[in-house]
Amino acid sequence: MRLMFLGTAAAEGVPAVFCNCPTCIRAKAKGGKDVRTRSQILIDDDTLFDFPMDTYMHMLRYGLDLSRVKRVLITHSHMDHCYPQEFCMRGGPFAKNMTADVVEVLGNDKVCEMFKSDTAREIRPAVAEGIALRRLRPYDEILSGDMRIIALPASHTVGEDCLVYYVERGGIGALLLNDTGVLDKDVYSFLAKKNVNVRVAALDCTYGALRHGKGRHMGLYDIVDQKAIMAQAGVLQEDTLVIATHLSHNTDLDYDGISAIAKDYNITVAYDGMVLEV
């Protein structure tokens with residue numbers, strides 16, 4: 001399984017759109033790994049995890065053929081994770097010679113409702129025919145092509161069944177925990193009973209080198225706690241890669257700064273364009 005971290009920022013991006021805080025000023029000056037676009041992961045060239053407004057930029061920056069994508073896993077309906085208007089361009093006359101005839105968009109009830117309402121004014125019938133919406137609820141397990149997908153309950157927005165995902169292909173699995181606070185132990189117990197093989201776990205680190213506890217996001221020390229809980233549940237193996245992603249400019253730490261702290265806990269800090277082969 002190949003994971004490419006196309007974007008690794010929280011909603012504002014780094015530097016943030018309208019911000020002049022010290023972190024954003026430094027990021028503009030330094031560039032490189034200190035510049036972060038909104039979070040998105042490409043898996044094996046045919047699966048996207050989340051679909052932010054920066055998807056077009058990701059396609060340009062990395063020379064991607066997004067017509068190859070057969071499924072898009074969306075966590076929740078916030079715009080930095082779900083930007084459905086772009087799908088109005090997925091078909092003639094806007095797109096030609098596409099690789100995959102149909103893309104499956106998977107998400108909760110609000111994601112599906114938002115997708116329909118936000119594309120209703122402009123999407124053409126011929127384009128809509130190539131998009132299949134699939135509603136998922138927490139703890140649903142499905143097979144999409146050759147990919148095993150388990151939807152899990154995120155701890156994020158009240159009033160919406162926000163999701164995170166376990167995906168597996170060829171017996172190799174990835175646990176993708178973007179935009180969530182700490183998860184209940186029962187979630188990991190459920191996963192353990194499913195005989196998952198987590199080779200990489202990517203966790204929300206919006207609060208940088210801080211602890212956020214029971215909030216809507218995590219910080220580095222929450223990830224440390226979650227590692228221990230996952231290991232105790234039998235979900236995490238000794239050689240599982242643990243990745244911190246979805247970082248905010250509000251932590252006042254650049255890439256090198258937070259990486260130096262994370263290294264002590266065997267956690268890798270993601271950056272835009274990072275590729276993992278597992």
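The structure displayed is predicted, hence computed values, not measured ones. Numbers for residues simply follow the sequence, beginning at 1.
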Between D204 (side chain only) and D179 (backbone N and O only), is there a donor and an acceptor less than 3.5 Å apart? yes
Nearest non-hydrogen partners of I258 and C205, listed with the distance: CD1-SG, 4.1 Å
For the student: nearest non-hydrogen atoms of V102 and R90, plus distance: C-NH2, 3.9 Å
Do you know which of D50, T180, T206 makes side chain to side chain donor-acceptor pair (under 3.5 Å) with H246? T206
Quick one: do Q232 and Y188 satisfy side-chain hydrogen bond (donor to acceptor under 3.5 Å, both in side chains)? Show the steps, please. CA-CA 9 Å; Q232 187 175 21; Y188 299 126; over 6 Å; no
Kindly give the heavy-atom pair with the smallest separation between G92 and R124, and that separation in Å. O-CD, 4.3 Å
To the nearest 0.5 Å, what is the distance between CG on L48 and OG1 on T55? 6.5 Å
R137 and D161: CA distance, side-chain angles, deciding distance, salt bridge (charged side-chain N to carboxylate O under 4.0 Å, His left out) verdict: CA-CA 7 Å; R137 293 175 175 80; D161 283 331; over 6 Å; no
Shortest non-hydrogen contact between H76 and V111, atoms and distance: C-CG2, 3.5 Å
Looking only at side-chain N and O atoms, does Q40 offer a donor or acceptor that is under 3.5 Å from a partner on D54? no
Quick check against the 3.5 Å criterion: does T245 have a side-chain atom that pairs as donor or acceptor with the backbone of A270? no
Distance check, rounded to the nearest 0.5 Å: C82 atom SG versus K110 atom NZ? 12.5 Å
Considering all heavy atoms, the nearest L253-A209 contact: CD1-CB, 3.6 Å
Determine yes or no for a side-chain-to-main-chain donor-acceptor pair under 3.5 angstrom, with Y165 supplying the side chain and I74 the backbone. yes
For R2, does its backbone N or O pair with a side-chain atom of D44 as donor and acceptor, under 3.5 Å? yes
Between H217 and H212, does a ring-ring contact (aromatic ring centres under 6.0 Å, His included) hold up when you go through it step by step? CA-CA 7 Å; H217 293 286; H212 194 47; 7.0 Å; no
Treating Y166 as the side-chain partner and I149 as the backbone partner, does any N or O pair qualify as donor plus acceptor under 3.5 Å? no
Determine, step by step, whether N197 and E168 satisfy the side-chain hydrogen bond (donor to acceptor under 3.5 Å, both in side chains) criterion, reporting the C-alpha distance in whole Å, the side-chain angles of both residues, the deciding distance to 0.1 Å, and the verdict. CA-CA 8 Å; N197 181 23; E168 182 180 297; over 6 Å; no
Please lay out, stage by stage, how F51 and F87 fare under the test ring-ring contact (aromatic ring centres under 6.0 Å, His included). CA-CA 10 Å; F51 200 91; F87 284 89; 4.5 Å; yes
Are the side chains of V167 and R148 in touch, meaning some heavy atoms are under 4.5 Å apart? no
After noting the C-alpha distance and the side-chain angles of Q85 and T119, does the key distance pass the side-chain hydrogen bond (donor to acceptor under 3.5 Å, both in side chains) rule? CA-CA 5 Å; Q85 291 92 330; T119 60; over 6 Å; no
Expected output: side-chain D34 to main-chain Y255 donor-acceptor under 3.5 Å: yes
Under the ring-ring contact (aromatic ring centres under 6.0 Å, His included) rule, what do Y139 and F190 come out as? Steps first, then yes or no, please. CA-CA 8 Å; Y139 299 113; F190 171 84; 4.6 Å; yes
Short question: side chain of K28, backbone of N20 - any donor-acceptor pair under 3.5 Å? no
For R61 and D272: C-alpha separation, side-chain torsions, deciding distance, then whether salt bridge (charged side-chain N to carboxylate O under 4.0 Å, His left out) applies. CA-CA 10 Å; R61 177 176 290 176; D272 286 19; 3.7 Å; yes
Indicate if Y207 and V269 have the same hydrophobic cluster label, given that clusters are the connected sets of ILVMFWY residues with side-chain heavy-atom separations under 4.5 angstrom. no
Salt bridge or not between R135 and D140? Use side-chain N to carboxylate O under 4.0 Å. no
Could you verify whether a donor N or O on one side chain and an acceptor N or O on the other, from T37 and H58, lie under 3.5 Å apart? yes
Between K33 and D254, is there a side-chain N and carboxylate O pair less than 4.0 Å apart? no
Mind listing the closest non-hydrogen atom pair of A9 and V14 along with its distance? CB-N, 4.1 Å
With no hydrogens and no angle check, is any side-chain donor or acceptor of T240 less than 3.5 Å from a backbone partner on L236? no
In plain terms, say whether R26 and D252 are close enough for a salt bridge, that is, a side-chain N and a carboxylate O under 4.0 Å apart. yes
Quick one: does any side-chain atom of H249 pair with a main-chain N or O of T23 as donor and acceptor, under 3.5 Å? no
I'd like to know if L210 and L203 are part of one continuous hydrophobic network [Ile/Leu/Val/Met/Phe/Trp/Tyr, side-chain heavy atoms within less than 4.5 Å]. no
Taking V72 as the starting point, is it possible to reach M114 by hopping between hydrophobic residues whose side chains are less than 4.5 Å apart? no
Hey, are D46 and R68 close enough for a salt bridge, meaning a charged N less than 4.0 Å from a carboxylate O? no
Salt-bridge present (K70, E104; N to O < 4.0 Å): no
